Novice: 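Mind having a look at this structure? Questions to follow.
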Amino acid sequence: MSDISMLQSSLQAGIRSRSMGVKLLVVCGLGLLMTIPALFVGGLVDDRTKLAADVIREISGHVGGQQTFLGPTLAIPYTFPLQTESYVAKHGIYLVFPSRASGVIKTVTEERRRSLFKVPVFRADLKLDATFDLTGVPAAVPPGAELDWSRAEIVVGVSDARGALADAVLTTGGKSSTLVPAAIAENISTGGDQGQHLKLILFGAKADGIASPNKQFNVSTALQFSGAQRIAMLAYGKTTHLSIQGDWRSPGFDGGFLPTSRTVSTNGFSAEWSVPFIARAVRAEGTSDSINGIDATALGVSFIEVADPYQSVNRSLKYVLLFLGLLFLSYFIFEVTTGKRVHPAQYVLVGTVQIIFYLLLLSLAERIGFDLGFLVAGAATVILLSANAQWVFRSRTQGIRALAIFTSLYGLIYMMLRLEDNALLVGAIASFAAVAGVMYFTRFIDWYSSLPVSGVSEVGAGPVASNNMG
């Protein structure tokens, strides 16, 4: 029995010999160690994000996906009666863009749901007008090529024809005709210098008797299409004007040009683009394989979610080290100022609660949105952490103190997530203030002094002067 007593005394002496400075280093090491489980939570967020993307692709495939349109364009087939060394191809398509283009698009949106996931789907009515002036056409025909005006067509292009809700109608000279798959080409691929290609399915109507050299005429097309997430129109005229209206409350304007004017309200949005010829930077006419860069002129609207839950949770995970650090520092200050020892295992439990907070946040954000999910998960976590502080330090005062501190901490993190551009600045200031606070509240501590055991100060121990914390 004496040997066992000596062993226990030796262990207690070893514990007492540990300084508060060593304990702080241990706490910091535990904070770094607890970031490892956060990586697994991040992997879970990535898996849910991929699952959501799969659902979006599945639903989008049924309604047409992201749609891009090319307005009325004159397409004339050409051939080389005599083969030349410069042109191995025996035929091709010569494109002539209208001198003026004007488009009006009206969209109505709804959210399609699949389990926990939702996708913004739209129905669009498009009226695309074009004014052609064929004076001087062709000006860029390949040497030795001959245009076949008798087979010329007025074509429009769409990225996914599965979204068609009605037959497309073309009107010119007071006569209307239904657009059908283009006879001269089923599709056209346009690409820029980056090698990215946009493939459009072509629908056309015969231009025989309408289009001829030096002639001028107007064309109007009416289309009805569905799609998902984004709608865009290429700047198909030498000068292009586009107006888009819709009922989506949080549109994103993208593409090669931003709107010249836009209005966004709770009732929807409206936007207008005006693209002059010199800004368009695409040739007014030429062979289909020589027209480069028109895909970069897309005038687009994306139907986006204001707060994507997966993106928001992923952003919150980036601050996990700051979160855990401030949490552990708070408990360490409680430990130092109260003289009550906290075992490293208890720090691990506190860190585990914080990791579970992210799981709660992810599962709730999928169902009730990120803001409300953060409120519920954060409130539950703060209450548990505050109750734990009361249990560990056996003091209701410390529990109330922890409640105030942890509520402020979670409020800070939420504010950082919502500030976006200023999040780094706020996080840096908060971290600086937290370290400054630790320095202030521990300014009278002898870091070489040993920690008390079971809340009882040891004889000969260095000062842990709670009366000087002031």
Side-chain angles (χ1 to χ4, degrees), residues 69-82 84 86-87 89 91-104 127-157 169-177 179 182-185 188 190 200 202-222 233-243 256-257 273-297 299:
F69 297 91
L70 172 68
T73 302
L74 179 61
I76 311 168
Y78 65 86
T79 58
F80 290 95
L82 299 176
T84 63
S86 301
Y87 292 88
H91 58 82
I93 300 175
Y94 192 81
L95 299 177
V96 181
F97 296 104
S99 57
R100 292 189 302 276
S102 177
V104 176
K127 185 176 182 298
L128 307 179
D129 300 331
T131 298
F132 288 91
D133 184 357
L134 303 184
T135 303
V137 175
V141 67
E146 293 184 359
L147 300 183
D148 187 354
W149 289 91
S150 63
R151 295 172 53 209
E153 291 184 281
I154 303 295
V155 298
V156 297
V169 178
L170 180 143
T171 303
T172 180
K175 297 181 180 181
S176 298
S177 58
L179 294 176
I184 58 177
I188 187 173
T190 62
L200 299 176
L202 296 181
F203 297 89
K206 289 290 185 179
D208 186 20
I210 302 173
S212 60
N214 301 318
K215 194 171 182 178
Q216 298 179 1
F217 59 94
N218 298 323
V219 170
S220 178
T221 57
M233 189 190 76
L234 302 178
Y236 62 95
K238 292 176 62 177
T239 59
T240 303
H241 181 270
L242 173 65
S243 174
F257 300 91
W273 286 261
S274 184
V275 183
F277 185 38
I278 57 175
R280 180 174 177 258
V282 178
R283 301 168 64 177
E285 57 181 282
T287 60
S288 59
D289 56 355
S290 67
I291 300 294
N292 294 321
I294 192 172
D295 55 327
T297 68
L299 315 175

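Here the structure is a predicted model, which means the values were calculated and not measured.
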Novice: Do side-chain atoms of Glu285 reach the backbone of Ala139 as a donor and acceptor pair under 3.5 angstrom?
Specialist: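 Between the backbone of Ala139 and the side chain of Glu285 there is a qualifying donor-acceptor contact (under 3.5 Å).
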Novice: For Thr287 and Tyr78, run side chain to side chain contact (heavy atoms under 4.5 Å, CB included): C-alpha distance rounded to whole Å, both residues' side-chain angles, the deciding distance at 0.1 Å, then the answer.
Specialist: CA-CA 9 Å; Thr287 60; Tyr78 65 86; 3.4 Å; yes
Novice: For the residue pair Ile184 and Ile93, what are the closest heavy atoms and their distance?
Specialist: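 Looking at all heavy atoms of both residues, the closest pair is O-CD1, 4.0 Å.
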Novice: Judged by atom type as modelled, is there a donor-acceptor pair below 3.5 Å linking the side chain of Thr239 to the main-chain atoms of Pro276?
Specialist: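 Not confirmed, Thr239 side chain does not pair with Pro276 backbone.
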Novice: Run the ring-ring contact (aromatic ring centres under 6.0 Å, His included) test against Tyr94 and tell me which residues pass, sequence neighbours left out.
Specialist: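 If we apply the ring-ring contact (aromatic ring centres under 6.0 Å, His included) test to Tyr94, skipping adjacent residues, there are no hits.
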Novice: Any side-chain to backbone donor/acceptor pair from Lys215 onto Phe132? Under 3.5 Å, distance only.
Specialist: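 No, the answer is negative, given that no donor and acceptor are paired below the 3.5 Å cut-off.
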Novice: May I have the step-by-step check of side chain to side chain contact (heavy atoms under 4.5 Å, CB included) for Tyr236 and Thr297, ending in yes or no?
Specialist: CA-CA 9 Å; Tyr236 62 95; Thr297 68; over 6 Å; no
Novice: Give a yes or no on whether the backbone of Ser99 and the side-chain of Thr131 come within a donor-acceptor separation of less than 3.5 Å.
Specialist: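 The answer is no, because no donor-acceptor pair under 3.5 Å joins these two groups.
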Novice: Spell out, as yes or no, whether a donor-acceptor pair under 3.5 Å connects the side chain of Thr240 to the backbone of Lys238.
Specialist: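 The answer is no, because no donor-acceptor pair under 3.5 Å joins these two groups.
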Novice: Taking Glu153 for the side chain and Ala182 for the main chain, is one N or O donor matched with an acceptor at less than 3.5 Å?
Specialist: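 Not a single qualifying donor-acceptor pair exists.
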Novice: How far apart are the closest heavy atoms of Thr172 and Ile210, and which atoms are they?
Specialist: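 In this case the closest contact between Thr172 and Ile210 is CG2-CD1, 3.4 Å.
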Novice: Has the side chain of Arg280 got a donor or acceptor atom that lies under 3.5 Å from a matching backbone atom of Ala235?
Specialist: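 Checked: pair present.
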Novice: For Trp273 and Leu299, indicate whether the former's side chain and the latter's backbone hold a donor-acceptor pair under 3.5 Å.
Specialist: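 The answer is no, because no donor-acceptor pair under 3.5 Å joins these two groups.
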Novice: Show your working on side chain to side chain contact (heavy atoms under 4.5 Å, CB included) between Ile154 and Phe217 and close with a plain yes or no.
Specialist: CA-CA 12 Å; Ile154 303 295; Phe217 59 94; 4.1 Å; yes
Novice: Do Ile188 and Val155 make a side-chain contact, defined as non-hydrogen atoms from C-beta onward lying under 4.5 Å apart?
Specialist: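 In short, these two side chains do not touch, never coming nearer than 4.5 Å.
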Novice: Just verifying a value: how many Å separate Ser243 OG and Lys127 NZ, rounded to the nearest 0.5 Å?
Specialist: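 If we round to the nearest 0.5 Å, Ser243:OG and Lys127:NZ are 12.0 Å apart.
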